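Written out below as C-alpha cells is the structure these notes cover.
Since this is a predicted model, take the numbers as computed values, not measurements.
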Amino acid sequence: MLIPPFSLAVVRGGKSVREKLTTSRTYYVRTDGSDFNDGLSDSSGGAFQSLSRAVSAATSLDSNGNFIRIHVGDGDYGDLVLYEHIGGQPITIMGNKDHPERVRVYGVGAAVFAYNAGAWLLGGMTVQAQNGPGILCHGTTTVTLIDSFAFGEVGWAH
C-alpha cells in the first residue's frame, strides 16, 4: 500500500521546520514494534513496526551530512516506498546481512518503489513481488544494493 510519509516537521510561525541532525541517527523496525513508538531503540517498546513509518521518520529530517540508518529485524514486511530526503548522505536500510532470507519485503506490485527519491542503500533482505519487479525506480533515484541483498520470486524483471 502506498501511503504518504507521516509529517514529523515542527511548525514554527506557520512554517514547517525540519529537525537538522548534529550526529548520525538510527531507527529500528521490528515486527513486534509499534508505529506509535519513536523508533530509537531496538526493543518492542521502542522500535517501529513498519518500514513505511521508519522511512517517513528518516525522510522528515535534514541529515546535515550525517548518516541515517534504519535497522530492520527479522520478519515479513509489506512494500517499501522510498521518498526524497535532504542532507547529502544516502539513507541506509539494513536487515540481517548474515541471513537476508530472514528479512522479507514483499509487494503485490513492486516490493520497493522509488520516484525522485535520491540515494538509498539497501542490504540484508530479500525482496519478493507478486505482480511486479522487486525494485522499481523512476526519476532521480539511486538504489545501491549492499551486504547480502537477495531477490526472491518476482512478477517481472527489475
Side-chain angles (χ1 to χ4, degrees), residues 1-9 18-21 23-31 33 35 38-40 42 47-158:
M1 171 171 60
L2 299 177
I3 60 171
F6 290 84
S7 175
L8 296 177
R18 288 180 186 258
E19 178 185 356
K20 186 179 271 192
L21 296 181
T23 188
S24 295
R25 171 82 50 95
T26 300
Y27 288 111
Y28 297 90
V29 179
R30 295 168 43 136
T31 57
D35 285 346
D38 64 11
L40 297 175
D42 189 10
F48 294 131
Q49 184 178 35
S50 69
L51 288 170
S52 61
R53 182 66 179 97
V55 168
S56 294
T59 58
S60 72
L61 303 170
D62 176 348
S63 71
N64 192 32
N66 295 289
F67 293 99
I68 298 173
R69 295 175 185 89
I70 299 171
H71 285 281
V72 185
D74 292 355
D76 294 333
Y77 299 91
D79 58 1
L80 173 58
V81 180
L82 306 177
Y83 295 101
E84 181 181 19
H85 55 90
I86 62 172
Q89 295 293 339
I91 295 176
T92 301
I93 302 177
M94 178 59 66
N96 187 331
K97 64 182 176 180
D98 295 325
H99 295 281
E101 73 280 0
R102 294 183 184 169
V103 178
R104 291 170 300 279
V105 177
Y106 59 90
V108 174
V112 179
F113 176 80
Y115 181 79
N116 291 338
W120 292 78
L121 305 173
L122 305 179
M125 65 185 71
T126 299
V127 295
Q128 294 178 241
Q130 183 177 346
N131 296 317
I135 300 174
L136 182 60
C137 297
H138 292 284
T140 56
T141 300
T142 303
V143 174
T144 303
L145 307 178
I146 60 172
D147 291 328
S148 304
F149 188 93
F151 289 98
E153 291 185 32
V154 295
W156 43 278
H158 309 290

Decide yes or no on side-chain contact (heavy atoms from CB on, under 4.5 Å) for F149 and V143, but give the supporting numbers first.
CA-CA 12 Å; F149 188 93; V143 174; over 6 Å; no
Nearest atoms (heavy-atom pairs only) where V55 meets V81:
CG1-O, 3.4 Å
Would the distance check show the side chain of D35 and the main-chain N or O of S50 forming a donor-acceptor pair, the cut-off being under 3.5 Å?
yes
Would you please name every residue forming a side-chain hydrogen bond (donor to acceptor under 3.5 Å, both in side chains) with N64, sequence neighbours left out?
none
Separation of I68 CD1 from S24 OG (nearest 0.5 Å)
8.5 Å
If you look at every heavy atom in A57 and Y27, which pair is closest and at what distance?
CB-CZ, 3.7 Å
Scan residues 134-149 for pairs that pass side-chain hydrogen bond (donor to acceptor under 3.5 Å, both in side chains), counting only residues two or more places apart or in two chains.
N116-T140
Distance check, rounded to the nearest 0.5 Å: Y115 atom OH versus C137 atom SG?
12.5 Å
Could you tell me the separation between the CD1 atom of I70 and the CG atom of L51, rounded to the nearest 0.5 Å?
7.5 Å
Would you call L80 and W120 a side-chain contact if the rule is heavy atoms closer than 4.5 Å?
no
Report the residues that fulfil salt bridge (charged side-chain N to carboxylate O under 4.0 Å, His left out) with D38, sequence neighbours left out, ordered by chain and then residue number.
none
Residue pairs involving residues 86-112 (criterion side-chain hydrogen bond (donor to acceptor under 3.5 Å, both in side chains); sequence neighbours excluded)
D74-N96, D76-R104, H99-E101
With the side chain counted from C-beta on, respond yes when V105 and V72 share a heavy-atom pair under 4.5 Å apart, and no when they do not.
no
Positive for side chain to side chain contact (heavy atoms under 4.5 Å, CB included) with M94, one of T26, V103, L121, I146:
I146
Got a second to check how far L61's CG is from K20's NZ, nearest 0.5 Å?
12.5 Å
Could you pull out every donor-acceptor pair under 3.5 Å between side chains of residues 123-132 and any protein atom, sequence neighbours left out?
residue: T126; atom: OG1; partner: P100; partner atom: O; Å: 3.1

Between R18 and T59, the two heavy atoms sitting closest are NH1-O, 2.6 Å
If we only count heavy atoms from C-beta on, is the L40 to R25 side-chain gap below 4.5 Å?
yes
CG (L21) and CG (D62) are apart, to the nearest 0.5 Å, by 7.5 Å
Got a second to check how far S60's OG is from Y83's OH, nearest 0.5 Å?
12.5 Å
Closest approach of A58 and I91, non-hydrogen atoms and distance?
CB-CD1, 4.0 Å
Applying ring-ring contact (aromatic ring centres under 6.0 Å, His included) as the test, list every pair that has at least one member in residues 52-74; sequence neighbours left out.
Y28-H71
Kindly give the heavy-atom pair with the smallest separation between Y77 and Q49, and that separation in Å.
CE2-O, 3.7 Å
Please name the pair of heavy atoms, one in A110 and one in L136, separated by the smallest distance, quoted to 0.1 Å.
CB-CB, 3.9 Å
